[in-house]
Amino acid sequence: MKAGSSLLLGSLSAALVAFALTSPRVVAADKVDPAADAKAFQNFFFQKFPNVKHEDFVNGPYSMNEDMKRQWQEKEEFPPYEFALDAGKEMFSTPFKNGKTYADCFPNGGIGIRQNYPYFDTKEGKVVTLELALNRCREANGEAPYSYVKDEMASLTAYMAFTSRGKPMDIKIPDDPRAFEAFENGKRYFYTRRGQLNFSCASCHVQSPGQRIRAEILAPALGILNAMPIYRSEWSGMGTTTRRLMTCNSQTRAVPLEPQADEYRDVEYFLSYVANGLPISGPGARP
Amino acid sequence: MTTHIGPHPTRRLILQGAVTVALIGLGNLPFAPARAAANDKYPEEAFKQKSEADAIKALYGKTAEPSDKVKLDAPEIAENGAVVPVSVTTTLDKVTSISFFVAENPNALAASYKIPDGTMPVVANRLKMAKTTNVVAIVEADGKLFSATKEVKVTVGGCGG
Amino acid sequence: MKRSLALVMLLASSFAPAARAANEADYKVAYAAAEAASKEAAGMRNQWTTTLSTLAAAKKAGDGGDFDRAVTAAKEAEALAKGSIVQATSEKNAWKAMEIR
Amino acid sequence: MASSIRVRAIANGDITEVQALIQHPMDSGFVKDAKGGLIPPHFIQELKFACNGKEVFVADWGPAVSKDPYIKFSFKGAKKGDDLKISWTDNKGASDETTAKIA
């Protein structure tokens, strides 16, 4: 590590401390109002990109750049996630050793319900994501859980997303203070700077969507999870929401948390709720 | 060939000369059908060539001239070097072969297609590109080679970690 | 001229012992401090990847007996860990500045 | 095991447009694995399309063709219901083939 970086560090920490003290807008106790947050969040993007159709935001970078959109539409004719989709469909209907299938674990047999995930489980008092629910279903039926970042989980969530394509995101926040706290915790995670590069999710996906970060165009935060899971050319493979969150962490030089950590579940809850009304477009293909 | 000073060296030399000329001439002949035969066989040699010029020579045995009748469609900036959608279409007729080259890939020749008659001279595929370089499409029409070239920018994405 | 030269030589030599090569004890102290800071950062769930890689480099150099490099790397790792701690502390409230309201 | 070839052939008028996606790693031999060792080359070399007993398209591929390769072309002389036979062989001698009905 060059000596230069410790110099950078010294100035960084000094700047941070100064910034914290002078930040004028530190409000003592905010009343958590998810509905107002969602409205403000959506309006921010609708006003920042007036000529992007509202439902197009779920196409991430392709809603921001015509040349990228053309490349994407060409790929969508025969998308690279085709195999994951077929594998997911087959796995979804293959019974466990005890004869049950995933359909027995999910409302409506797991078909066309992706838009309601993640949901807040009032019994457990925590957010439950689709990936977590799938692994819990496997464990409840005596099967080993899948890795949250590998192909099997991606194939299953790809199929479930596909069955909900076009349905508007419909995340509910029950009248339970723990649900409001999970939403707030997710929002805080989204705006918190981390890693040696000192970026938050918002630094890229709120302040500079549509701009390039080397070869890639940054996706807007609005509807950014609607296309999950995604086939990324960079990984030349499928990626679940968990894989995307963990790789984003390491890109900013922050050590990723464990898969399905509370922070990840809450930020997924926050990002999905503020995208309510926008269509599910998963599985997606991305750079 | 050792020159042998015999009684009629000049006649012998002339004879030898004639024989070699014939051979060279012949050499072309079997070569031509061989190249035609090569069409069916996998062009191993061409795929081994480093540069695009050598690959074209190994594959077709002649050089190409740029032509605006060959329309090459490739992105300005590749979304990702691993999956670059590239396609070509042409108004030339009697097209028998279409090939794609990525100039600065480890081996220039990426893909080569045989177009039997009755098949349209249009191909779309997805190629890997090692770095920013020229993508070249070659169309063999009525025995002659025509080309179109486009530079595609390739770099990694993200802030790097 | 010669006398001042001798003076300078004397001064330089007196500093010399302080800058002698780091030994294992120095490495152990520096590494322990870096490790403690890194643990604190992990406790705040805000560890940086470069802290861990620099700490590992320090350990590798230390195990290899190159204590100079090991101490430098350990100090670097400590600075990185401290940076992540400052970041986590200040972000407790700083995040609101960027919030869309 | 489902075939590694996904194909869509649609005839409109005398022209049949064919799209195919093939599940194959297409390893170039230049990429390193997690432990730093080179992944050996493993890619499809030849892909053939035949219809009504005649070859309509032959692809000779190198390692620069993308993973899960995609191809699109069109040809004349076939109609709805005809069979389109697709087959490929790779540099390790593995192969697969399938037959699709033109829609």
Side-chain angles (χ1 to χ4, degrees), chain A residues 59-62 64-82 193-201 203-205 208 211-219 230-237 239 244 246-256 284-287, chain B residues 70-90 98-107 110-113 115 119-137 139 148-161:
Chain A
N59 298 328
Y62 307 125
M64 298 280 125
N65 177 296
E66 274 318 308
D67 183 41
M68 296 281 268
K69 185 166 191 167
R70 206 170 49 74
Q71 282 183 59
W72 171 56
Q73 276 160 337
E74 233 169 278
K75 263 198 312 188
E76 279 296 297
E77 280 186 29
F78 232 137
Y81 51 73
E82 193 84 15
R193 290 177 176 279
R194 56 182 55 84
Q196 189 183 356
L197 297 190
N198 198 31
F199 287 138
S200 67
C201 315
S203 317
C204 288
H205 298 293
S208 28
Q211 289 169 32
R212 276 198 185 278
I213 182 158
R214 298 198 283 188
E216 279 159 10
I217 299 278
L218 287 168
I230 47 175
Y231 180 99
R232 286 202 69 214
S233 302
E234 186 160 326
W235 300 333
S236 60
R244 178 68 273 193
M246 291 172 85
T247 43
C248 254
N249 282 160
S250 31
Q251 292 232 3
T252 63
R253 296 185 182 171
V255 171
R286 290 287 185 276
Chain B
V70 177
K71 288 275 170 302
L72 170 63
D73 182 14
E76 291 295 319
I77 300 177
E79 187 180 81
N80 185 287
V83 182
V84 182
V86 175
S87 58
V88 76
T89 179
T90 178
I98 292 180
S99 299
F100 292 94
F101 300 80
V102 178
E104 285 166 69
N105 264 3
N107 303 95
S112 173
Y113 301 97
I115 314 287
T119 299
M120 318 293 285
V122 180
V123 179
N125 53 179
R126 294 170 189 164
L127 304 178
K128 293 182 209 166
M129 291 181 64
K131 55 192 223 176
T132 299
T133 184
N134 281 344
V135 172
V136 180
V139 171
T149 304
K150 182 175 186 191
E151 188 194 54
V152 176
K153 291 189 183 60
V154 171
T155 176
V156 291
C159 51

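Values below: all heavy atoms of this structure, side chains included; hydrogens, waters and symmetry mates excluded. Chain letters run A, B, ... following the sequence lines, proteins first, then strands; residues in each count from 1. Bear in mind the structure is a predicted one, so any value in this text is a computation, not a measurement.
When every heavy atom of A:Asp67 is checked against every heavy atom of B:Pro75, the shortest pair comes out as OD2-CB, 4.3 Å. Across every non-hydrogen atom of B:Val139 and B:Ile98, the tightest pair is CG2-CG1, 4.2 Å.
Residue contact with chain B, scored on non-hydrogen atoms closer than 4.5 Å, involves the backbone of A:Ser250 exclusively.
Contact check on A:Arg70 versus A:Glu66 returns no salt bridge, with no Lys/Arg side-chain nitrogen under 4.0 Å from an Asp/Glu carboxylate oxygen.
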Can you give the donor-acceptor pairs under 3.5 Å from side chains of residues 150-161 of chain B to other protein atoms, not counting sequence neighbours?
| residue | atom | partner | partner atom | Å |
| --- | --- | --- | --- | --- |
| B:Lys150 | NZ | B:Ala74 | O | 2.3 |

Working note: A:Tyr231 + A:Ser236, criterion side chain to side chain contact (heavy atoms under 4.5 Å, CB included); need CA distance, chi angles, decisive distance, verdict. CA-CA 7 Å; A:Tyr231 180 99; A:Ser236 60; 4.1 Å; yes
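Judged as a side chain to side chain donor-acceptor pair (under 3.5 Å), and not counting sequence neighbours, the contacts of A:Asn249 are A:Tyr189, A:Tyr264. A:Glu77 pairs by the salt bridge (charged side-chain N to carboxylate O under 4.0 Å, His left out) definition with D:Lys72, not counting sequence neighbours.
Counting heavy-atom pairs under 4.5 Å between each of A:Arg286, A:Lys75, A:Glu74, A:Met68 and chain B puts A:Lys75 at the top. Interface remark: of the candidates A:Gly195, A:Ala215, A:Pro80, A:Ala215 forms the most heavy-atom pairs closer than 4.5 Å to chain B. Ranking A:Trp72, A:Phe199, A:Tyr62 against chain B, the residue ahead of the rest is A:Tyr62, based on heavy-atom pairs under 4.5 Å.
Of residues 121-131 of chain B, those residues lying under 4.5 Å from chain A by any heavy-atom pair are B:Arg126.
In this structure, the side chain of B:Asn80 engages the main chain of B:Ala82 through a donor-acceptor pair within 3.5 Å.
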